[in-house]
Number of protein chains: 2
Amino acid sequence: MMRWKCTCAYEGTAYCGWQLQDGQPSVQGTIEAALGRLLERPVRIHGSGRTDSGVHALGQVFHFDANWSHGTEDLLAALRTRLPPDIQVYRAVSAPPRWHARLSAVAKRYHYRLHLGQPSPFERRYVWAHPRPLDIDRIAAAARLLEGRHDFKGFRALGSSELESTVRHLRRLHVTRTGPRIRIVAEADGFLYKMARSLTGALIALGRGQITESDLTNLLRTGERGPHFETAPAHGLFLERVFYR
Amino acid sequence: MMRWKCTCAYEGTAYCGWQLQDGQPSVQGTIEAALGRLLERPVRIHGSGRTDSGVHALGQVFHFDANWSHGTEDLLAALRTRLPPDIQVYRAVSAPPRWHARLSAVAKRYHYRLHLGQPSPFERRYVWAHPRPLDIDRIAAAARLLEGRHDFKGFRALGSSELESTVRHLRRLHVTRTGPRIRIVAEADGFLYKMARSLTGALIALGRGQITESDLTNLLRTGERGPHFETAPAHGLFLERVFYR
């Protein structure tokens, strides 16, 4: 048996998210079914982590174990014909037997896409459209306040597990604008449940003047999330890259 | 009554094409229905020309007549809320009473998008994927042979009307490559039925070595289309711009 490390892109629109869920189409389940048909046995794959319903990925990573003697290009080609066009496995390399897509990951990078005004019909599935003016300079400056190692309890979804530590190292939170397009890049050693979308929602609320910089820093200090901002919708979020040592 | 000249973008995937067709969703019909609800009367719009089922547009132009006293931005905003997200009317200006979206047009520009290898899940709706290697330099050089005023009878779909002239002035046929992306830009004073996709199909057949440069020039001379190339699929084609005097 050999361990395979695979990298894939997917459009999340049609899926309940990465993770297997009873009776619903998941990305994991779709890839497992394709591999199962290819290898003619049940296959379990292990992702670097979940992505929510509707969230996209440019570089999700997973691993699985298999005897496959036909080489990497053949594996990719065989998967291509067995996967729907909204999921693309574009890289496969052999990995050491103990290597693990989730446990070996040291950081992840997401980005969030916003569009000021109405996006074109070709972009609408991949951006959060924003009719109102936004103070981008203020958003970009406030993002710096959130960088670093903090307790991000206030930036996760309600109903998250209370067991795990909520301290994360946000290595980077950058906001850039190109014409009507705004991109928020978030890179951390780990993300709490809906943290990337909460960070985006908070920054947008600030850019609209609904919350202030001190609301943000209070949120970091107290961990108590008020009703002041919404979680940004799933379809603007992309898992860009998973980092390994 | 005032004449309105409007410019729109649409993703053609879900439509039977621009033109009204019984019992099928058309772009024209969808815009007419939205305008009808807005103006509370039946509205007929006139496009610069048809686009086929599945073909996209970045700058299709149409006109209609209406009494509308609320200004351009209000018209666009009212249409936005009444149109599905795959159709976007993004410009509206008043036009002289005799101005006509089709009859006043002097040229059109299409472009065709190809992708060498497997496109990402985010591009798959908008490109023709090409697994095989293509000789792009040869394609780009051969495109020059087709530029100019010619009888393009050999570059239209079978079953086209025999009545109209098939001479067109192909002002520009440019092929450019950026990494795995190939773009074929075609600009002419008019296009025969499926001409843009036939030109693309012929160039690709040449790049694959299935036909030669002399086959192309023979096709221009005789107008007899052999079984040598296929018409490129609709979903890679974009109506980019309509030119007016």
Original post:
Looking at the rings of A:H115 and A:H130, which for Trp means the six-membered one, are their centres under 6.0 Å apart?
Top reply: no
**OP:** Under 4.5 Å heavy-atom distance to chain B, tell me which part of A:A77 shows up: side chain, backbone, both or neither.
**Re:** neither
Original post:
Would a distance-only check, ignoring hydrogens and angles, find a side-chain to backbone donor-acceptor pair under 3.5 Å from A:R102 to A:S48?
Top reply: no
Subject >> Shortest non-hydrogen separation from A:F229 to A:A205 and the atoms involved >> reply: CB-CB, 3.5 Å
Subject >> Residue among B:H56, B:R124, B:R80 with most heavy-atom pairs under 4.5 Å to chain A >> reply: B:R124
Original post:
Less than 6.0 Å separating the ring centroids of B:F191 and B:Y110?
Top reply: yes
Subject >> Leading residue by heavy atom contact count with chain B [cutoff under 4.5 Å; candidates A:P119, A:A9, A:P85] >> reply: A:P85
Original post:
Checking A:F122 against chain B: side chain, backbone, both or neither under 4.5 Å from a heavy atom?
Top reply: both
